[in-house]
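These notes concern the structure reproduced below.
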Amino acid sequence: MLTDKDYYLEDGNIVFTEQYHLKRGYCCKNGCRHCPWKSAEKKQKRDKKIT
């Protein structure tokens, strides 16, 4: 069940918060604004290029 801490409305669109993404438990790879895995994913890509 969604709570008011899981999303907010912006220009008529639902924007999911970091809390929602953490509850979901995985990255959907859609480039979500509040994705908590973005920085980890970028770091992995950078590390792969270095090695």
Side-chain angles (χ1 to χ4, degrees):
M1 174 175 243
L2 292 176
T3 68
D4 60 345
K5 294 179 183 177
D6 291 332
Y7 69 95
Y8 58 91
L9 295 176
E10 183 175 273
D11 299 325
N13 297 308
I14 294 174
V15 179
F16 291 109
T17 63
E18 182 177 3
Q19 176 178 314
Y20 169 80
H21 291 290
L22 290 170
K23 275 191 207 178
R24 186 175 59 193
Y26 63 92
C27 179
C28 64
K29 310 255 190 265
N30 285 325
C32 300
R33 181 183 303 174
H34 300 295
C35 179
W37 294 281
K38 267 188 209 176
S39 59
E41 187 176 304
K42 286 180 184 177
K43 184 181 182 306
Q44 280 182 337
K45 286 179 183 177
R46 186 183 69 232
D47 291 348
K48 284 181 183 178
K49 287 180 183 177
I50 293 171
T51 58

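- For residues 9-25, the set of pairs meeting the salt bridge (Lys or Arg N to Asp or Glu O under 4.0 Å) definition, not counting sequence neighbours, comprises D6-K23, E10-R33.
- In the displayed structure, Y7 atom OH is contacted under 6.0 Å by at most 12 heavy atoms of other residues, nucleotides or ligands.
- A search for salt bridge (charged side-chain N to carboxylate O under 4.0 Å, His left out) contacts involving K5 returns nothing, not counting sequence neighbours.
- The two residues P36 and H21 come nearest to each other via the heavy atoms CD-CB, 3.5 Å.
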- Stepwise side chain to side chain contact (heavy atoms under 4.5 Å, CB included) check, Y20 with H34: CA-CA 9 Å; Y20 169 80; H34 300 295; over 6 Å; no
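- Each of L22 and Y26 belongs to its own hydrophobic cluster when Ile, Leu, Val, Met, Phe, Trp and Tyr are linked at side-chain heavy-atom distances under 4.5 angstrom.
- Side-chain contact between V15 and L9 is absent, with no heavy atoms from C-beta onward closer than 4.5 Å.
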